Structures are given as C-alpha cells and as structure tokens.
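Before any comments, here is the structure.
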Amino acid sequence: MTGQDPQGGAALRAAATAHDPPLYAAGPDGPWEEVHSRFARTGRAVVHTTWGVWLPAALLDPGLRDLLGRDWARYRQPPGARGRLSFAASRYVMKYTAAAALEVPAEAIDLAYQPGGRPGVRGFDGQLALSLAHTDELLVVGVSRTGPIGVDAEPLGREMSLDLMLGHICTPAEAARLAALPEPERAARLLRLWTLKEAYTKALGYGLRRGFSRFGFQEDDAGRTVLAEGPDAAAWEFGTHVVQGRYVVSEAHRRTSTVAPRSWAAPRPLEETGQAPAMTLRSGAETFRNG
C-alpha cells in the first residue's frame, strides 16, 4: 500500500459504518462544542489529533504537574523526552475529551486506571467509559456514557502479510473472504480487521490477551460490520474511518442504554460553583446517573 491515496484506502472510505467520523481537536481550544454536541446526541464521541499540536500546552503549562495528577510519576519516568511529551499529550487529550463530554474544566478530571490499564474517570466508575489509541503521531480518544467503548488506529500504509497474520487474526471464514480479494484491497481489509478486533477487545477490557482468531466479523445486508456470532452480538456497533488522510481508526461500542436526543444537565463550571474539582465532579456524577 503505497502512494497518497492507495486503492485500499479508497475501499476503507467506502465501507459502511454505524458511527459518525471521529472529530478533530486542534489542541486545548478544541473545538470542544462539537464533541459535547456529539456526546449529548449519541452518548459517545471519538476525537483524533496529533500529539505535536499539544506540545505547547505540555511544555508551557505551569500547571502541568497538577493537570497530570497521579500520572505525574509515570510522566517523569523514561523513555526519553519524546516519550514523556507523547505521554503528557495523550493525558491532556483524554482529560479534555472527558471534560468536553461532561462540560467541566479539564483540571477537574481525575483519570483512573483498571488493573489491565483501561482508563476511566474517577467518580464515574461504570458510568463513563474511555479508550485511548496511539500510533506514530496520532492520538485517538473515545468516550461513552451508553456502554463500553474501544478505539484503535494504525497507519494506512502499514504493510501486513496475509500469510503471516492469517492464523493470528482471522477465523476460517474471514480468511476465506480475504483470500478471494485482489491486492491492495486485501491488505486494506486485513488492516481494517486488525483495528476492529483491537478496538473490540479493548472495549471488553481484554486487549491483546484475547486471541483474535477466536471471534469473527461479517457484514450485514447494509454492508455494516457486525459480530458473526455471540449472545450479545446485536448490541455491538462498529465503525472504521480514515482520518488525516493517512490513518485507519476503528471503534467498537456496546450499547447498554439509550440516549435521549438532548443534553443532560451538566454541572456548572468550577468558577461558578466555587467548589473543589472532586466536589463538582461528585455532584456531576449524581446528575449524570439520574439525568
């Protein structure tokens, strides 16, 4: 897969999807209104950006240590300056995305992590799901209040060998469908399948610990990607998009609740409440659960 717009990339763009395309965030200034609007309307939102556009915030923010909170210790560890800055940018993007969804300042968001490393927001356990993906310079964050969410990303031009990856990624049915496709569509479809399975296992909380060949996808009559089998297969929605012209981003979401087509009553900004961040988020959590 070479060139600016490989044939496989065009095939990915034409694929049917159940989800809106990810929203681009150019830095701390957003536009975050679109993120909250998407979140209020659908119960979920996916944001993509590059960590380089967040460098000024990470380098110049005198409150970096406070904003990173419990992640400060991890930020100070190796590997090198680039790794630390990329790590800081990813935490900024997660915090700003969650803050836009909840309509609170980013400083009020306290990230927490489950034993497997899956991120979340302290005080919203089981109520707000987060997922993070990164590749090269790309950062992707998914946030959901209607069920588990997982995101994954890979460079559009990444070369993947069907022969080498067949047994690792595919079920027999998936392998047969891929083998019948011409190149470069076969390689593009394999890359899409890889990111979909990564996103799905992230949403489940398994990550790479669950073998990808143990579950499969197929297309329904409308061309949308669905799970081939499983007791809750109908509850899952999947989407794949090409962003920034050079990355494949896939999302998996299991809907466990419905969303009214309006925003819930979010807590007021900190400067209006005069409360500490934890108190404001605790108040917001009650509104969030009861709204």
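What you are looking at is a predicted structure, and each value in this text was computed from that prediction instead of being measured.
The closest donor-acceptor contact from the side chain of Thr49 to the backbone of Ala25 lies under 3.5 Å. Side-chain atoms of Thr201 come within 3.5 Å of backbone N or O of Glu198 as a donor-acceptor pair. A donor-acceptor pair under 3.5 Å is absent between the side-chain atoms of Lys95 and the main chain of Ala106, judged by distance alone. Without hydrogens or angle criteria, Arg118 side chain to Ala203 main chain gives a donor-acceptor distance under 3.5 Å. Distance alone, capped at 3.5 Å, is enough to place a donor-acceptor pair between the Thr195 side chain and the Arg192 backbone. Using modelled atom types, one side-chain atom of Asp220 and one backbone atom of Gly223 make a donor-acceptor pair closer than 3.5 Å. In this structure, Arg186 contributes its side chain and Leu178 its backbone to a donor-acceptor pair below 3.5 Å. In this structure, the side chain of Lys202 does not engage the main chain of Lys197 through any donor-acceptor pair within 3.5 Å. Distance alone, capped at 3.5 Å, places no donor-acceptor pair between the His241 side chain and the Val249 backbone. For the pair Glu174 (side chain) and Phe217 (backbone), a donor-acceptor distance under 3.5 Å is present.
Under the 4.5 Å side-chain heavy-atom criterion for ILVMFWY residues, no single connected hydrophobic cluster contains both Val248 and Val46. Under the 4.5 Å side-chain heavy-atom criterion for ILVMFWY residues, no single connected hydrophobic cluster contains both Val226 and Phe238. In the hydrophobic clustering of this structure, Val151 does not group with Phe215; members are Ile, Leu, Val, Met, Phe, Trp, Tyr whose side-chain heavy atoms approach within less than 4.5 Å, directly or through other members. Residues Val53 and Tyr247 fall into different hydrophobic clusters, defined by Ile, Leu, Val, Met, Phe, Trp and Tyr side chains chained together at heavy-atom separations under 4.5 Å. If you chain together hydrophobic residues whose side chains sit under 4.5 Å apart, Leu196 and Leu156 fall into the same group.
For the residue pair Val140 and Ala153, the shortest heavy atom distance occurs at CG2-CB, 4.2 Å. Smallest separation of non-hydrogen atoms from Leu227 and Ala233: CB-CB, 3.8 Å. Scanning all heavy atoms of the two residues, the minimum distance from Pro155 to Leu191 falls at O-CD2, 3.4 Å. Nearest heavy atom pair, residue Ala57 against residue Asp61, reads O-CB, 2.8 Å. Closest of all the heavy-atom pairs between Leu193 and Cys170 is CD2-SG, 3.8 Å. Of all heavy-atom pairs spanning Ala40 and Arg145, the tightest one is O-NH2, 4.0 Å.
For the atom pair Tyr92 OH and Leu67 CG, the distance stands at 5.0 Å (nearest 0.5 Å). With rounding to the nearest 0.5 Å, the separation of CG in Leu85 from CG in Leu59 is 5.5 Å. Rounding to the nearest 0.5 angstrom, the gap separating the CG atom in Leu68 from the CG atom in Leu111 is 9.0 Å. How far NE2 of His134 is from CH2 of Trp51: 12.0 Å, rounded to the nearest 0.5 Å. Atoms CZ and CG, from Phe124 and Leu102 in turn, are 5.0 Å apart once rounded to the nearest 0.5 Å. Remark: Leu23 CG to Glu33 CD distance equals 11.5 Å, nearest 0.5 Å.
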In sequence, state the C-alpha distance, the side-chain angles, and the governing distance for Ser131 and Val141, and then conclude on side chain to side chain contact (heavy atoms under 4.5 Å, CB included). CA-CA 6 Å; Ser131 183; Val141 173; over 6 Å; no

Decide side chain to side chain contact (heavy atoms under 4.5 Å, CB included) for Val47 and Tyr24; before the verdict, give the C-alpha distance in whole Å, the side-chain angles of both, and the deciding distance to 0.1 Å. CA-CA 6 Å; Val47 170; Tyr24 179 70; over 6 Å; no

Assess the residue pair Glu237 and Arg255 against the criterion (side chain to side chain contact (heavy atoms under 4.5 Å, CB included)); give the C-alpha distance rounded to whole Å, side-chain angles, the decisive distance to 0.1 Å, and a yes or no. CA-CA 8 Å; Glu237 298 174 340; Arg255 186 170 294 280; 4.0 Å; yes

For Leu128 and Val143: C-alpha separation, side-chain torsions, deciding distance, then whether side chain to side chain contact (heavy atoms under 4.5 Å, CB included) applies. CA-CA 7 Å; Leu128 189 73; Val143 59; 3.7 Å; yes

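A donor-acceptor contact closer than 3.5 angstrom links the side chains of Ser144 and His253. Ser250 and Thr240 form a side-chain donor-acceptor contact under 3.5 Å, judged by distance and modelled atom types alone. No side-chain donor-acceptor contact under 3.5 Å links Tyr96 and Asp29.
A salt bridge between Asp71 and Arg65 is absent, with no side-chain N of the basic residue lying under 4.0 Å from a carboxylate O of the acidic one. Glu185 has a carboxylate O that lies under 4.0 Å from a charged side-chain N of Arg189, or vice versa, which qualifies the two as a salt bridge.
At least one test fails for Arg74 against the ring of Phe87: distance under 6.0 Å to the centre or angle within 45° of the axis.
Here the side chains of Gln218 and Arg177 are in contact, with some heavy-atom distance below 4.5 Å. Looking only at side-chain heavy atoms (C-beta outward), Glu154 and Trp194 come within less than 4.5 Å of each other. Side chains of Arg44 and Glu251 form a contact here, defined as non-hydrogen atoms less than 4.5 Å apart. Using a 4.5 Å cut-off on side-chain heavy atoms (C-beta onward), Ile149 and Leu130 make no contact. Contact of the Gln244 side chain with the His48 side chain is registered, since non-hydrogen atoms from C-beta on lie closer than 4.5 Å. Asp20 is listed as a side-chain neighbour of Arg41, based on a closest heavy-atom distance under 4.5 Å. No side-chain heavy atom of Thr146 sits under 4.5 Å from any side-chain heavy atom of Thr256.
In this pair, Tyr200 and Trp236 present their aromatic rings perpendicular. The plane angle is above 60°, beyond the 30 to 60° band.
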